[in-house]
*Asks:* 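This is the structure I have questions about; it appears just below.
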Amino acid sequence: MKQTAQRLAEVEATRPRAAQAPWDPSPGRGVVESADRAGSVRGEHTRDLTPPPAPRSRPPMRRVSVRGQILSALRAALSTGELSPGEIYSAPALGERFGASATPVREAMQQLAVEGAVEVLPNRGFRVVARGARELAELAEVRALLEIPVILRLARTVPAERWAELRPRADAAVRAASTGCPATYGEADRAFHRSLLALSGNRQLLRVADELHRRAQGPWVGVAPVRGAGLVVDAQQHTVLLDALAVGDVEAVAALAAEHFAASD
């Protein structure tokens, strides 16, 4: 029995041993290395704790809305008189004219109905609303009551450099007016007024004022449309108004604003 035990001890002493790594006193190192060795024995892959690279930022995708394009085209046609007041138009016929299906045309006309430019005739189509001089004058009065007090308040509080930021909008309106197209100028005109009123920080004011401004852009019955030189004069009033706002001349601002809105009725 003793000979057997002695023999086993001799065999164990002659067996080759794996080299052991020197002990590292850093916390947790022994645990991690033991886990790594255990994983290697089991044939498992150790997890890479390196964080993945941040994904590349992609530019936002821009999708052009067919409904939006049709809406813009219909508004332009209303502004220029291509769609006549009192006339009835069907969605399929308008879709054929503008190269689109009836569905986006119908959706765009529904929006115009909300804005008061057309009225819905069930099973027939849409009739362009015939609006006259009285409604135009009423809209101009409401716009003046809404916007002029805000402009006067801004004239007293907004520094000159902020008004300089509106110069590109005013210049764009003059260029649009020089085309002689009421629809083209109408967009630039509203853009200028939105930028001006945006300095108030009142989003509800912007929404209501823009809707009133759009309603005031026609078409009108019995009212001569403003074209050519008339559009340029209206656009140049924006530039003169900015000059008065930049120097804080409140009295001049009040007179110019009143003149600007009176020219719209």
Side-chain angles (χ1 to χ4, degrees), residues 75-76 78-81 83 85-86 111-119 127-158 163 166 169-170 173-174 176-177 181-245 249-265:
R75 283 172 173 161
L78 287 168
S79 179
T80 59
L83 297 182
Q111 176 60 36
L112 292 174
V114 172
E115 297 174 4
V118 301
E119 59 179 331
R127 177 162 49 206
V128 178
V129 174
R131 298 182 289 182
R134 178 175 179 175
E135 184 174 354
L136 177 60
E138 290 173 349
L139 285 169
E141 181 180 3
V142 174
R143 288 188 62 206
L145 291 171
L146 182 67
E147 295 190 36
I148 291 179
V150 177
I151 294 174
L152 292 177
R153 175 167 59 84
L154 294 175
R156 299 183 181 95
T157 58
V158 175
W163 296 118
L166 270 63
R169 293 287 190 184
V174 173
C181 176
T184 301
Y185 174 64
E187 292 295 329
D189 184 32
R190 286 203 319 279
F192 173 82
H193 281 266
R194 282 197 303 269
S195 297
L196 192 157
L197 296 176
L199 294 176
S200 70
N202 190 324
R203 292 178 296 177
Q204 298 304 316
L205 169 68
L206 287 178
R207 181 182 62 81
V208 174
D210 193 61
E211 180 180 350
L212 289 171
H213 198 167
R214 191 182 295 281
R215 286 175 177 265
Q217 291 181 342
W220 303 103
V221 175
V223 178
V226 180
R227 299 181 185 274
L231 295 179
V232 175
V233 170
D234 190 80
Q236 289 175 340
Q237 289 177 346
H238 298 155
T239 302
V240 179
L241 178 62
L242 281 182
D243 292 337
L245 288 166
D249 190 341
V250 179
E251 292 184 3
V253 169
L256 290 167
E259 179 183 356
H260 184 65
F261 286 105
S264 302
D265 58 16

*Asks:* Under the salt bridge (charged side-chain N to carboxylate O under 4.0 Å, His left out) test, which residues partner Arg134, sequence neighbours left out?
*Replies:*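 Only Glu138 meet the salt bridge (charged side-chain N to carboxylate O under 4.0 Å, His left out) criterion with Arg134.
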*Asks:* With rounding to the nearest 0.5 Å, note down the distance linking OG1 in Thr239 to CD in Gln236.
*Replies:*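 Going from the OG1 atom of Thr239 to the CD atom of Gln236 covers 7.0 Å.
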*Asks:* Rounded to the nearest 0.5 Å, what separation is found between the CG atom of Leu197 and the CG atom of Leu146?
*Replies:*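 Output value for this atom pair is 7.5 Å.
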*Asks:* Apply side-chain contact (heavy atoms from CB on, under 4.5 Å) to the pair Asp234 and His260, showing each step before the final yes or no.
*Replies:* CA-CA 7 Å; Asp234 190 80; His260 184 65; 3.5 Å; yes
*Asks:* If you take all heavy atoms of Ala176 and Tyr185, which pair is closest and at what distance?
*Replies:*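 Smallest heavy-atom distance, with atoms named: CB-CA, 3.9 Å.
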*Asks:* For residues 198-208, which residue pairs qualify under side-chain hydrogen bond (donor to acceptor under 3.5 Å, both in side chains), counting only residues two or more places apart or in two chains?
*Replies:*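 Non-adjacent pairs meeting side-chain hydrogen bond (donor to acceptor under 3.5 Å, both in side chains): Gln204-Arg207.
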*Asks:* Could you tell me how the ring of His193 sits relative to the ring of His213: parallel (under 30°), tilted (30 to 60°) or perpendicular (over 60°)?
*Replies:*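 Perpendicular, since the angle between the ring planes exceeds 60°.
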*Asks:* Shortest non-hydrogen contact from Ala244 to Leu256?
*Replies:*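 Looking at all heavy atoms of both residues, the shortest contact is CB-CD1, 3.9 Å.
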*Asks:* How long is the span from the CG atom in Asp249 to the CG atom in Asp243, to the nearest 0.5 Å?
*Replies:*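 Those atoms lie 11.0 Å apart.
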*Asks:* How many angstroms lie between atom CG of Leu112 and atom CZ of Arg75, to the nearest 0.5 angstrom?
*Replies:*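 Those atoms lie 6.0 Å apart.
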*Asks:* Can you see which heavy atom on Ala235 is nearest to which on Ala177, and at what distance?
*Replies:*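 Ala235 and Ala177 have their closest heavy atoms at CB-CB, 3.8 Å.
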*Asks:* Looking only at heavy atoms, which two atoms of Val250 and Ala155 are closest? And how far apart?
*Replies:*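 Looking at all heavy atoms of both residues, the shortest contact is CG2-CB, 4.4 Å.
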*Asks:* About how many Å separate CG of Leu152 and CD of Glu251, when rounded to the nearest 0.5 Å?
*Replies:*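 Between Glu251 CD and Leu152 CG, I get 11.0 Å after rounding to 0.5 Å.
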*Asks:* Begin with the C-alpha distance, continue with both residues' side-chain angles, and end with the deciding distance and a verdict on side-chain contact (heavy atoms from CB on, under 4.5 Å) for Glu147 and Leu205.
*Replies:* CA-CA 9 Å; Glu147 295 190 36; Leu205 169 68; 5.6 Å; no
*Asks:* Grab the two heavy atoms, one from Asp210 and one from Arg194, that are nearest each other, plus how far apart they are.
*Replies:*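 Smallest heavy-atom distance, with atoms named: OD1-NH1, 3.0 Å.
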*Asks:* Between Arg215 and Val114, which heavy-atom pair has the shortest distance, and what is it?
*Replies:*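 Arg215 and Val114 have their closest heavy atoms at NH2-O, 3.3 Å.
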*Asks:* Around atom CZ of Arg190, are there more than 12 heavy atoms of other residues, nucleotides or ligands at under 6.0 Å?
*Replies:*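 Result for CZ/Arg190: enclosed.
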*Asks:* Dump the intermediate steps for side-chain contact (heavy atoms from CB on, under 4.5 Å) on Phe192 and Val174, then the final yes or no.
*Replies:* CA-CA 11 Å; Phe192 173 82; Val174 173; over 6 Å; no
*Asks:* Please check if the side chain of Arg143 supplies one atom and the backbone of Ala209 the other of a donor-acceptor pair under 3.5 Å.
*Replies:*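 Checking the backbone N and O of Ala209 against the side chain of Arg143, no donor-acceptor pair under 3.5 Å is found.
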*Asks:* Leu199 vs Thr157, test: side-chain contact (heavy atoms from CB on, under 4.5 Å). Steps then yes/no.
*Replies:* CA-CA 10 Å; Leu199 294 176; Thr157 58; over 6 Å; no
*Asks:* Calculate, to the nearest 0.5 Å, the distance between atoms CG and CD1 belonging to Leu196 and Ile151 respectively.
*Replies:*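 Reported value, rounded in 0.5 Å steps: 5.0 Å.
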